[in-house]
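Have a look at the structure below before the remarks.
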Protein chains: 2
Amino acid sequence: MTKPTPTEPRRALTLRDVSEASGVSEMTVSRVLRNRGDVSATTRERVMQASRALGYVPNKIAGALASQRVNLVGVIIPSMSNMVFPEVMTGISAVLDSTGLQPVVGVTNYLPDREEAVLYEMLSWRPSGVIVAGLEHTAAARAMMAQAGIPIVEIMDIDGQVIDSAVGISHRRAGRQMAEAIIASGYRRIAFMGTQMPNDFRAKKRLEGFEEALRRNGMALADHEFYDGGSALLKGREMTAAVLRRSPDIDFLYYSNDMIGAGGLLYCLDQGIDVPGKVGLAGFNGVELLDGLPRRLATMDACRLEIGQRAAQIIAARNQTADLIGQVVELFPTLQPGDTIRPF
Amino acid sequence: MTKPTPTEPRRALTLRDVSEASGVSEMTVSRVLRNRGDVSATTRERVMQASRALGYVPNKIAGALASQRVNLVGVIIPSMSNMVFPEVMTGISAVLDSTGLQPVVGVTNYLPDREEAVLYEMLSWRPSGVIVAGLEHTAAARAMMAQAGIPIVEIMDIDGQVIDSAVGISHRRAGRQMAEAIIASGYRRIAFMGTQMPNDFRAKKRLEGFEEALRRNGMALADHEFYDGGSALLKGREMTAAVLRRSPDIDFLYYSNDMIGAGGLLYCLDQGIDVPGKVGLAGFNGVELLDGLPRRLATMDACRLEIGQRAAQIIAARNQTADLIGQVVELFPTLQPGDTIRPF
DNA sequence: TCGGTCTATGTTACCGCTAACGAAGCCTGT
DNA sequence: ACAGGCTTCGTTAGCGGTAACATAGACCGA
């Protein structure tokens, strides 16, 4: 590679510097650096040399303003610390990488107002598209997205009203499905454990679907417990201990995510409880963490990787072909019975 | 909030639209929206009304070009899926939030070339600063950062040559410290398990420090095992099984991160191995996951939150006061003996 | 009464780059 | 020899804001 220039330039380099150094017009330099338009091999080489020698880095701000094109895609997610969104991001990046588009993430911490603020900030950079987790937004956020004139893909969930496009699963159905599997395996006294967070709409929908299926079978939740903050694994242990102490006749524990489910599983094994004989367990998400547990927790894979990929594909396609229209893609999670639910 | 405008504007709104709608100049609108300069209360209100009614979102691209100021801070990290960087991000966001600066993250997957590409992309948006994990970069990346004319903070590590500023711990020292504690507790046949990745320089430095301390005590690693990819928890189990089978006389297992350490711990407990009597274990990072394990894994907290905070503080301070100079902040991790190492 | 000091607003000139068009040089066939 | 087409490069005019300065009243004390 080129040697770092010895001089320390106080003024930032511009196209003009490169053009003067290489004896061509700014336009030609621009063409070379963007690989656009016809430039002879010799001038191209000369310009590249000069550009590298100077250590020039193009100013995308000016470029974007002039060309009215920004290669950024806003991605708005509620959290980075649970294991689910990194995998969505992997799917998004994998697809976007080959399109010249670049994801920019914003985190909302499950706060609608924060989502609105993050969205506003992102739109002010005029991205080529936005991928946002969930269907629930403030009225203002909804209006902004509807007006933005760019593809908007809401991901993870499809139970609700879509602004433009959506890729996700039906969490209500997922909850129902799990309940039916549990009932089919003969469990009857079922408890639920999940997050306190009122804004985790997807967890809420799963619970709704779950309870609905229970009702249809003439049953109801025998107990429940909520948590917020702290180590999810530890909370899983604690809540499980509390529930089993309070309701010793419980025979199934349904967790709103795998992490607390894993905590519950470890607790049950510690206590020498017969799993899945005396008590069955199930979580949600299908995180790879579960592979390392002493026993495989029953779960339901949320199609995270594919959700990311499909969402990115929609943005990329819309970006190329302007007249495409919004679409809703429903994915279907598969139940992974693992070793913590009695065979049917 | 204002009702969404019924019309669907095909052309993006500009300051001019707002200025016409409110009967003042563009400049005045700009002043109102940025809360800068003197504007009478009545015009301010009128402009706000018009802006909201139209659903105007300022164009930061144009703004940044004109003002030569960008409120973005690039954050370059190797991965989002291990538990360590989310916490660093939390620290960064917490500090940046109150400064008007906004983090933009890029992920390198531990690939130097990818780091260079991500950095180039980021610098082309002329951010107010860059926070980058690690001290090892390609020559070109190093040159770019040195030339950029913005504050650069390298985080996590301080064992090496700093470009501008750095906040981190000495991983070599951390490795040494852990080795000394292990030896002091009477363990003698020590194995190491870690990632295969040749570019996880910090893990490598920990191992170097660890081996150096062993040597100084007339010892050497009795066995080692490396992995890459897959569920870290599961890999921890597998590697531990392999090592204990191969070298049954091992009495201590040192893991390069807590996740594989947790896997190893679960395996040992499954096998009914006396921990820490027959075999001791230790990891690295101090992730909160450990709180939920049946027994607390010995570890060393890597000061992740504080690293993020301090790094952000440096960027913020430099952004306000131009003539500040680079600095290196060393933090000191504390050893948490947990329950998997014999008391001294 | 009048210059001086505010306060509130408008005007002008860019910021660094690219779209769109234009022109010069060079080939080609006739 | 020359029209017509291609390749290669330059010129011009913005993109949508903001810094810096200019301007117009309002107010004020001497």
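Small disclaimer: the values here were computed from a predicted structure and weren't measured. In what follows, every chain begins at residue 1, and chains take the letters A, B, ... in the order their sequences are listed.
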Under 4.0 Å from OP1 or OP2 of [N]: is there any side-chain N or O of [X] that close?
| X | N | answer |
| --- | --- | --- |
| B/Ser25 | C/dG10 | yes |
| B/Arg36 | D/dT18 | no |
| B/Ser67 | C/dC15 | no |
| A/Gln68 | D/dG16 | yes |
| A/Arg44 | D/dT7 | no |
| A/Arg31 | C/dA19 | no |

Can you measure [X] atom [atom1] to [N] atom [atom2] for me and round it to whole angstrom units?
| X | N | atom1 | atom2 | result |
| --- | --- | --- | --- | --- |
| B/Ile61 | C/dT18 | CD1 | P | 13 Å |
| A/Leu13 | C/dC15 | CG | P | 15 Å |
| A/Arg16 | D/dT11 | CZ | C1' | 12 Å |
| A/Glu20 | C/dG16 | CD | P | 13 Å |
| A/Tyr56 | C/dG16 | OH | P | 10 Å |
| B/Leu15 | D/dG16 | CG | P | 10 Å |
| A/Asp17 | C/dC17 | CG | C1' | 13 Å |
| A/Met27 | D/dG14 | CE | C1' | 13 Å |

Does any part of the side chain of [Y], heavy atoms only, come nearer than 4.5 Å to the side chain of [X], both counted from C-beta?
| X | Y | result |
| --- | --- | --- |
| B/Arg126 | A/Ile61 | yes |
| A/Asn199 | A/Phe201 | yes |
| A/Thr42 | A/Arg46 | no |
| A/Arg16 | A/Val29 | no |

Walking DNA chain C from its 5' end, the first of A/Gly63 and B/Val24 to be reached, judged by nearest nucleotide, is B/Val24

Does any N or O donor sit under 3.5 Å from an N or O acceptor when you compare the side chain of A/Arg126 with the base of D/dG16?
-> no

Atom CZ of B/Arg318 and atom CG of B/Asp323: how far apart are they, to the nearest 0.5 Å?
-> 10.0 Å

Rounded to the nearest 0.5 angstrom, the CE-CD1 distance for B/Met122 and B/Ile150 is 10.5 Å

With a 4.0 Å cut-off on heavy atoms, is B/Arg34 in touch with a base, just the backbone sugar-phosphate, or nothing at all?
-> sugar-phosphate

Minimum heavy-atom distance between B/Ala311 and B/Ile131, given as atom pair plus value | CB-CD1, 4.0 Å

Nearest heavy atoms of A/Val329 and A/Gln327, plus distance in Å = CG2-OE1, 3.7 Å

Does a donor on one side chain sit under 3.5 Å from an acceptor on the other, for A/Glu115 and A/His137?
-> yes

With distance as the sole criterion, is a donor-acceptor pair present between the side chains of A/Gln49 and A/Glu45 under 3.5 Å?
-> yes

Selection from C/dT9, D/dG16, D/dA19 that lies nearest to any side-chain heavy atom of B/Arg69 = D/dA19

All N/O pairs under 3.5 Å across the protein-nucleotides 6-8 of chain C interface:
none

Between the axis at one end of the helix from C/dT1-D/dA30 to C/dT30-D/dA1 and the axis at the other (five pairs apiece), what's the angle to 10 degrees?
-> 40°

